[in-house]
Amino acid sequence: MPEETNSIDYIMEKASGPHFSGLRSPTAASASSSAFADANAPRQPFVIGVSGGTASGKTTVCDMIIQQLHDHRVVLVNQDSFYRGLNTEELKRVHEYNFDHPDAFDTEQLLECVEKLKSGQSVQVPIYDFKQHRRSSDSFRQVNASDVIILEGILVFHDQRVRNLMNMKIFVDTDADVRLARRIRRDTVERGRDVNSVLEQYAKFVKPAFDDFVLPSKKYADVIIPRGGDNHVAIDLIVQHIRTKLGEHDLCKIYPNVYVIQSTFQVYLMLYLYPISFITCLIL
Ligand SMILES: Nc1ncnc2c1ncn2[C@@H]1O[C@H](COP(=O)(O)OP(=O)(O)O)[C@@H](O)[C@H]1O
Ligand SMILES: O=c1ccn([C@@H]2O[C@H](COP(=O)(O)O)[C@@H](O)[C@H]2O)c(=O)[nH]1
């Protein structure tokens, strides 16, 4: 992954895609091309994937993004909610269970859930209990349709089908020693563990799975945030970009004859060569 992936140009380029963007002239309105967006089409939510190692600050970063986007409807879906939950036999040998392997999650259910949300439907998300290693059998969290869906978890970039649902992928990159220290504190305070069991689990499963699955998925990220929630500049840039993407769609709804185009080299060239005819086209 090149270092320059943190630059704002790179963020814009990678995360633009077909989302809310397109160029359509009145005569070309019926042309079918993925580069053309229909201003009257129902808005597709902007899906952001947030990955990174355990205790890297994924949830903290998501909370900061949600706070800054207070004027939009944003929902957070945690991959943790889709832990399969242990059966009685597995519970007896919980210390041998690898919660950091992709198979520990019900990815099919996660996919179905995000696909439904993307198509504007509400979903019932399971509630996972980290102390019991089980899902609640009778309660769910209702997640409603929204403008922005944030999908957060250690392995949300692992499965290509899940990655393909995302308009923007963020990797929270925090040093391993900082993460381990945070994990010890969090798991002993919030998840009913003792220090020894945290350290054992970390050495046996968490670190090897980070090396095998989480770190290799970093290459799929559009944006890498060093230091997680401490990196206010990166979070501000990300929020600006999301606002731009959401705003483009709103502009199309207010002015049906205005078409938002991606800032490619060809577009700059067209503006340079044909400024008058282009403006006339916009007015017409
Ligand atoms: N920048 C930070 N400084 C200090 N503590 C932090 C910071 N970011 C997160 N934490 C703490 O570390 C723990 C894990 O953070 P969290 O955001 O839940 O990480 P993740 O979602 O990646 O597991 C939490 O107890 C949180 O309060
Ligand atoms: O029952 C469980 C389920 C998961 N874990 C650990 O949780 C982390 C993932 O959560 P983060 O909030 O991203 O840290 C993962 O590393 C699992 O090892 C668990 O200990 N018990």
Side-chain angles (χ1 to χ4, degrees), residues 48-67 76-107 110 125-136 150-158 162 169-215 217-218 221 223-236 238:
I48 307 168
V50 178
S51 188
T54 181
S56 55
K58 299 182 292 298
T59 311
T60 306
V61 165
C62 293
D63 287 346
M64 291 169 77
I65 294 174
I66 292 168
Q67 261 181 20
L76 178 63
V77 176
N78 302 90
Q79 188 183 28
D80 293 345
S81 306
F82 296 89
Y83 267 118
R84 290 183 188 281
L86 274 54
N87 61 33
T88 320
E89 278 311 304
E90 288 167 331
L91 273 173
K92 279 184 198 157
R93 291 180 282 117
V94 66
H95 299 294
E96 292 165 29
Y97 194 89
N98 189 351
F99 291 102
D100 292 74
H101 191 278
D103 292 347
F105 298 95
D106 186 343
T107 302
L110 170 76
V125 174
I127 297 173
Y128 185 77
D129 183 336
F130 284 91
K131 288 184 183 168
Q132 308 288 331
H133 313 288
R134 279 210 166 134
R135 290 183 185 184
S136 165
I150 307 184
L151 176 59
E152 174 264 312
I154 51 171
L155 289 169
V156 289
F157 297 163
H158 179 73
V162 181
K169 297 183 218 62
I170 300 171
F171 190 93
V172 181
D173 204 5
T174 304
D175 288 348
D177 51 354
V178 175
R179 291 192 291 106
L180 176 57
R182 286 183 190 163
R183 170 123 179 187
I184 293 170
R185 187 181 296 136
R186 182 195 64 192
D187 284 10
T188 50
V189 174
E190 294 170 23
R191 296 188 182 175
R193 314 289 161 81
D194 59 60
V195 177
N196 271 339
S197 77
V198 177
L199 292 175
E200 241 173 61
Q201 185 190 7
Y202 189 86
K204 195 169 174 184
F205 296 121
V206 182
K207 187 181 179 324
F210 177 81
D211 295 337
D212 291 345
F213 303 113
V214 184
L215 198 54
S217 75
K218 183 174 161 181
V223 190
I224 294 165
I225 311 187
R227 306 180 309 283
D230 291 338
N231 196 334
H232 292 263
V233 173
I235 291 162
D236 286 352
I238 288 164

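Each ligand, and each atom within it, is numbered from 1 in the order the structure gives.
- For the ligand labelled ligand 2, residue Q79 lies outside the 4.0 Å heavy-atom shell.
- Between Q201, R84, R193, H101, it is R193 that holds the heavy atom closest to atom 21 (N) of ligand 2.
- S197 places no side-chain N or O within donor-acceptor distance of the main-chain N or O of R193, the cut-off being under 3.5 Å.
- For the pair D230 and ligand 1, the shortest N or O to N or O distance falls below 3.5 Å.
- Annotation for R185: atom CZ does not count as buried by contact number, only 12 or fewer foreign heavy atoms lying within 6.0 Å.
- Under the 3.5 Å distance criterion, the side-chain polar atoms of N78 are left unmatched by any main-chain donor or acceptor of D80.
- In this structure, F130 and Y128 have perpendicular ring planes: the angle between them is above 60°, well past the 30° mark.
- The shortest side-chain heavy-atom distance between H101 and F213 falls under the 4.5 Å cut-off.
- For atom 7 (O) of ligand 2, the closest non-hydrogen atom of the protein is R191 NH1, 3.3 Å.
- Side chain of D129 to main chain of R134: no donor-acceptor pair is present (N/O by atom type, distance under 3.5 Å, no hydrogens or angles).
- Near D80, meaning under 4.0 Å from any of its heavy atoms, are these atoms of ligand 2: 9 (C), 10 (O), 12 (O).
- Under a 4.0 angstrom heavy-atom cut-off, G228 registers as lying outside contact with ligand 1.
- In this structure, R179 forms a cation-pi arrangement with F210, its terminal cationic atom sitting closer than 6.0 Å to the ring centre and no more than 45° off the ring axis.
- Considering only non-hydrogen protein atoms, atom 17 (O) of ligand 1 sits nearest to T60 OG1, 2.5 Å.
- The ligand atoms of ligand 2 that sit less than 4.0 angstrom from a heavy atom of A55 are 14 (O).
- Side chain of R135 to main chain of I127: no donor-acceptor pair is present (N/O by atom type, distance under 3.5 Å, no hydrogens or angles).
- In this structure a side-chain-to-backbone donor-acceptor pair under 3.5 Å is missing from S56 to T174.
- The closest protein non-hydrogen atom to atom 3 (C) of ligand 2 is F99 CD2, 3.4 Å.
- At a 4.0 Å heavy-atom cut-off, ligand 2 touches T54 through backbone and side chain alike.
- For a threshold of 3.5 Å applied to N or O pairs, the pair formed by D100 and ligand 2 contains at least one separation below that value.
- Checked against a 3.5 angstrom limit, the closest N/O atoms of A55 and ligand 1 fall inside it.
- Counting only heavy atoms from C-beta outward, the side chains of N196 and V198 never approach each other to under 4.5 Å.
- Counting protein heavy atoms only, atom 19 (O) of ligand 1 is closest to G57 N, 3.2 Å.
- Under 4.0 angstrom from ligand 2, the non-hydrogen atoms of R186 all belong to its side chain.
- Counting protein heavy atoms only, atom 21 (O) of ligand 1 is closest to T59 OG1, 2.5 Å.
- Ion pairing between a basic and an acidic side chain is recognised when a charged N comes within 4.0 Å of a carboxylate O; K207 and D211 show such pairing.
- For R183, the salt bridge (Lys or Arg N to Asp or Glu O under 4.0 Å) partners at least two apart in sequence or on another chain are D187.
- For atom 1 (N) of ligand 1, a protein heavy-atom neighbour is present inside the 4.0 Å cut-off.
- Within the structure, the closest approach of G52 to ligand 1 does not fall below 4.0 Å when heavy atoms are considered.
- D175 places no side-chain N or O within 3.5 Å of a backbone atom of V178 that could act as its donor or acceptor partner.
- Ligand 1 places these atoms under 4.0 Å from at least one heavy atom of R186: 23 (O).
- Within the 4.0 Å cut-off (strictly below), no protein heavy atom is located near atom 24 (C) of ligand 1.
- For ligand 2, none of its N or O atoms has an N or O atom of D129 under 3.5 Å away.
- When heavy-atom distances to ligand 1 are checked against a 4.0 Å cut-off, K58 comes that close through both its backbone and its side chain.
- Between K58 and I154 there is a side-chain heavy-atom pair separated by less than 4.5 Å.
- Counting heavy atoms from C-beta outward, H133 and Y83 have side chains that stay 4.5 Å or more apart.
- Nearest-residue assignment for atom 4 (C) of ligand 1 (options R179, R183, R182, M64; heavy-atom criterion): R182.
- The single protein non-hydrogen atom nearest to atom 6 (C) of ligand 2 is R183 NH2, 3.5 Å, given as residue, atom name and distance.
- Close N/O approach between Y128 and ligand 2 is found [any backbone or side-chain N/O within under 3.5 Å].
- Where the criterion is an N or O separation shorter than 3.5 Å, residue side chain and backbone included, R227 fails it with respect to ligand 1.
- Atoms of ligand 2 found under 4.0 Å from any heavy atom of K58, numbered from 1 in the order shown, are 13 (O).
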